[in-house]
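Lettering of chains follows the sequences in order, A, B, ..., and the numbering in each one begins at 1. Treat the numbers as computed from the prediction; the structure is a model and nothing was measured.
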Number of protein chains: 2
Amino acid sequence: MKEAQERRRPQESGGARPGAAADGRAEVLAAAAQVFMERGYAATAIDDVADMLGSTKGRIYHYYRSKADLFLDVHAQAMQDLLEHVGPIAARSGLTPLERLRAMAKEHARIIMTTFAFQKAAVQGLERRLLSLSNTRQHREMRRIIEMRDTYEDLYAAVVEDGIGQGLFVRLPPRMATKPILGAVNWLNVWFEPGRAATPQQVEDIAVLLSDFVLRGMLPEGPARRR
Amino acid sequence: MKEAQERRRPQESGGARPGAAADGRAEVLAAAAQVFMERGYAATAIDDVADMLGSTKGRIYHYYRSKADLFLDVHAQAMQDLLEHVGPIAARSGLTPLERLRAMAKEHARIIMTTFAFQKAAVQGLERRLLSLSNTRQHREMRRIIEMRDTYEDLYAAVVEDGIGQGLFVRLPPRMATKPILGAVNWLNVWFEPGRAATPQQVEDIAVLLSDFVLRGMLPEGPARRR
DNA sequence: GTCTATAATTTGATAGAC
DNA sequence: GTCTATCAAATTATAGAC
């Protein structure tokens with residue numbers, strides 16, 4: 001049974017995206033991200049999102065036609081955040097593949113921690129569950145999101161390939177190498193708790209630890225290391 | 001009716017755990033793992049599990065009193081599989097921390113790929129969603145599962161600490177170091193598709209790639225490497 | 001733009017036949 | 001041990017008032 005819960009404010013810790021405008025639609029979106037993060041897509045009732053907003057369903061259905069549309073928008077926003085911030089680093093000139101990979105992973109980690117609700121909701125919903133959308137418009141939007149995700153992975157595959165070509169990285173199939181790289185960082189979505197340990201300094205430390213880890217994961221072992 | 005205590009091995013394609021016996025309860029459990037994996041906990045209807053079994057609800061409710069109990073058992077089984085297989089490696093004598101960490105991660109990866117339904121269902125349900133179990137018996141079972149998970153992480157923290165003590169690994173807080181290690185491997189639950197790429201050789205290759213990656217992630221960079 | 005009220009559907013769980 | 005039938009609750013989405 002669903003307990004009566006007091007209404008909370010939107011844009012609580014973890015739910016707010018910095019720079020998110022305060023128009024109605026964005027407020028609804030942020031609240032949805034928060035609740036999807038906490039309960040997952042299927043377990044979230046539209047009424048839960050309304051409660052989070054301190055309003056009723058009417059407000060949500062004014063901006064979104066369905067729960068699936070709402071979720072798709074959260075997911076799209078999450079992917080766009082990644083592409084917007086990591087894309088420029090991937091394209092920046094004057095960096096070695098080492099510096100580039102490290103900077104990309106570090107920024108990725110930072111985005112997860114600072115827009116946690118969106119990222120975590122998106123990762124949870126990455127699933128086949130939504131592939132069964134019969135609605136054409138929704139299905140197109142989902143294809144677009146999957147494309148964004150593939151584009152994002154391409155950024156990593158490219159820097160890996162570059163690093164291998166320059167003899168800096170271990171020789172792995174670039175597409176395969178992106179799996180542990182993204183896995184090590186994306187696992188933040190499972191263990192990170194924005195409530196505690198969310199001072200800027202702690203976020204920075206975690207981002208550095210993770211990005212250094214994945215960089216070392218791509219570096220050949222030093223000759224002086226014993227086995 | 002109360003629940004039986006013992007559980008045995010299920011035996012389906014994606015949910016296959018090797019060494020299968022075929023009692024009714026285990027069949028139900030394996031089918032549940034399969035469906036939970038595909039749709040997630042909340043989106044799974046008991047009728048879906050019944051369909052997977054080619055039967056009706058009655059069969060499921062004969063063995064389990066609720067959907068939550070069914071899920072808890074899938075989760076417990078997944079954790080037990082990890083502890084049973086990786087625990088002995090963590091305790092084996094005559095291995096350096098390097099060899100030990102690599103063997104542990106490799107076995108972990110292998111278990112994910114060979115008991116995929118159980119592992120993936122468990123990772124998806126790691127969530128806060130189940131923490132709101134009011135039922136006392138279920139709540140106790142959940143505490144037990146969380147304890148298993150903590151115990152499992154301890155295995156990695158211990159070998160990391162050991163390796164740091166011997167000057168083999170980079171100096172990181174052991175608990176923090178386990179995050180990217182487990183993340184790189186557990187990310188398999190997101191991208192691996194047991195349908196394709198599931199020949200024993202491919203499973204082996206992936207396990208080696210991932211375990212080598214996490215090992216390198218813990219090794220200090222060689223002195224001859226340019227930055 | 002947001003609310004109340006409600007229709008339509010799904011679903012967890014139980015009872016009792018066989 | 002499994003099935004059929006059914007209920008009670010929850011939930012998505014809509015209609016129309018304000």
Side-chain angles (χ1 to χ4, degrees), chain A residues 1-5 7-10 21-32 35-36 38-74 125 129-130 132-138, chain B residues 1-8 10 21-32 35-36 38-74 121 125 129-130 132-135 137-138:
Chain A
M1 179 155 51
K2 200 134 285 179
E3 69 292 354
Q5 51 184 23
R7 311 186 150 177
R8 285 183 283 174
R9 281 200 197 74
D23 61 298
R25 190 181 166 91
E27 253 181 89
V28 169
L29 190 63
V35 183
F36 284 146
E38 287 172 1
R39 312 168 84 97
Y41 174 77
T44 294
I46 297 283
D47 278 331
D48 296 334
V49 180
D51 284 348
M52 171 77 61
L53 285 165
S55 72
T56 67
K57 279 200 266 272
R59 183 145 157 216
I60 291 158
Y61 280 109
H62 175 68
Y63 293 105
Y64 289 95
R65 313 167 75 147
S66 74
K67 187 169 106 163
D69 285 311
L70 189 47
F71 179 79
L72 285 170
D73 210 13
V74 169
R129 177 184 326 159
L130 283 181
S132 55
L133 292 172
S134 44
N135 183 303
T136 306
R137 175 179 47 83
Q138 290 175 346
Chain B
M1 285 299 138
K2 42 86 238 301
E3 314 191 10
Q5 296 78 3
E6 52 123 29
R7 56 182 73 91
R8 208 128 296 171
D23 62 294
R25 190 182 166 90
E27 256 180 88
V28 170
L29 190 64
V35 183
F36 285 146
E38 288 170 1
R39 313 167 83 96
Y41 175 76
T44 294
I46 296 283
D47 280 330
D48 296 334
V49 180
D51 285 348
M52 170 78 51
L53 285 165
S55 73
T56 66
K57 279 201 264 270
R59 180 144 159 218
I60 292 158
Y61 280 107
H62 175 69
Y63 293 104
Y64 289 94
R65 32 161 87 174
S66 75
K67 186 169 107 164
D69 286 309
L70 190 47
F71 179 78
L72 285 171
D73 210 12
V74 169
R129 175 185 328 163
L130 283 181
S132 56
L133 292 173
S134 43
N135 182 302
R137 174 178 48 82
Q138 291 175 345

Practice task
Scan Tyr63(A) against the nucleic acid and name what it touches under 4.0 Å (heavy atoms): base, sugar-phosphate only, or nothing.
Solution key: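 The residue Tyr63(A) makes sugar-phosphate contact but no base contact.
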
Handout entry: Sugar-phosphate, base or nothing in reach of Thr56(B), heavy atoms under 4.0 Å
Key =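 Base contact - Thr56(B) has a heavy atom under 4.0 Å of at least one base atom.
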
Handout entry: By side-chain contact (heavy atoms from CB on, under 4.5 Å) - contacts of Arg25(A) (at least two apart)
Key =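 Checked Arg25(A) against side-chain contact (heavy atoms from CB on, under 4.5 Å); matches are Asp23(A), Tyr63(A), Tyr64(A), Asp73(A).
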
Exercise for the section: Return the value, rounded to whole Å, for the distance between atom CD1 of Ile60(B) and atom C1' of dC3(D). Expected result: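 Distance, rounded to whole Å: 13 Å.
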
Exercise for the section: With rounding to the nearest 0.5 Å, note down the distance linking CZ in Arg137(A) to CG in Asp69(A). Expected result: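 Arg137(A) atom CZ to Asp69(A) atom CG measures 4.0 Å (nearest 0.5 Å).
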
Exercise for the section: Go through Val28(B) and His62(B) one step at a time and tell me if the side-chain contact (heavy atoms from CB on, under 4.5 Å) criterion holds. Expected result: CA-CA 10 Å; Val28(B) 170; His62(B) 175 69; over 6 Å; no

Handout entry: Spacing between Tyr64(A) atom OH and dG1(C) atom C1', to the nearest angstrom
Key =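 Between C1' of dG1(C) and OH of Tyr64(A): 16 Å.
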
Practice task
Give the minimum heavy-atom separation between Val74(A) and Ala32(A), together with the two atoms involved.
Solution key: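 Reported closest heavy-atom pair: CG2-CB, 4.3 Å.
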
Problem - Between dT11(C) (C1') and Leu70(B) (CG): distance, integer Å - result: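 The answer, rounded to whole Å, is 15 Å.
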
Handout entry: Under-4.0 Å side-chain N/O to phosphate OP1/OP2 contact, His62(B) with dT2(D)
Key =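 Answer is no, no contact under 4.0 Å.
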
Practice task
Rounded to the nearest angstrom, tell me the gap between atom CZ in Phe71(B) and atom C1' in dG12(C).
Solution key: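 Result: 17 Å.
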
Exercise for the section: Quickly work out the Asp23(A) CG to dG1(C) P distance and round it to whole Å. Expected result: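 Computing the Asp23(A):CG to dG1(C):P distance gives 11 Å.
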
Handout entry: Whether Tyr41(B) and Phe36(B) hold their rings parallel, tilted or perpendicular, with breakpoints at 30° and 60°
Key =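 Tilted: the ring planes of Tyr41(B) and Phe36(B) meet at 30° to 60°.
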
With a cut-off of 3.5 Å and sequence neighbours excluded, list every side-chain donor-acceptor pair involving residues 49-57 of chain B.
unit_1, atom_1, unit_2, atom_2, d
Lys57(B), NZ, Asp47(B), OD1, 3.1
Lys57(B), NZ, Asp47(B), OD2, 3.1

Practice task
Round to the nearest Å and state the distance from Leu53(B) atom CG to dC3(D) atom C1'.
Solution key: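 Rounding to the nearest Å, CG of Leu53(B) and C1' of dC3(D) are 14 Å apart.
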
Produce the list of close N/O pairs, under 3.5 Å, pairing protein atoms with atoms of nucleotides 13-15 of chain C; give distances to one decimal.
unit_1, atom_1, unit_2, atom_2, d
dA13(C), OP2, Tyr61(B), OH, 3.1
dA13(C), OP2, Lys67(B), N, 2.9
dA13(C), N6, Lys57(B), NZ, 3.1

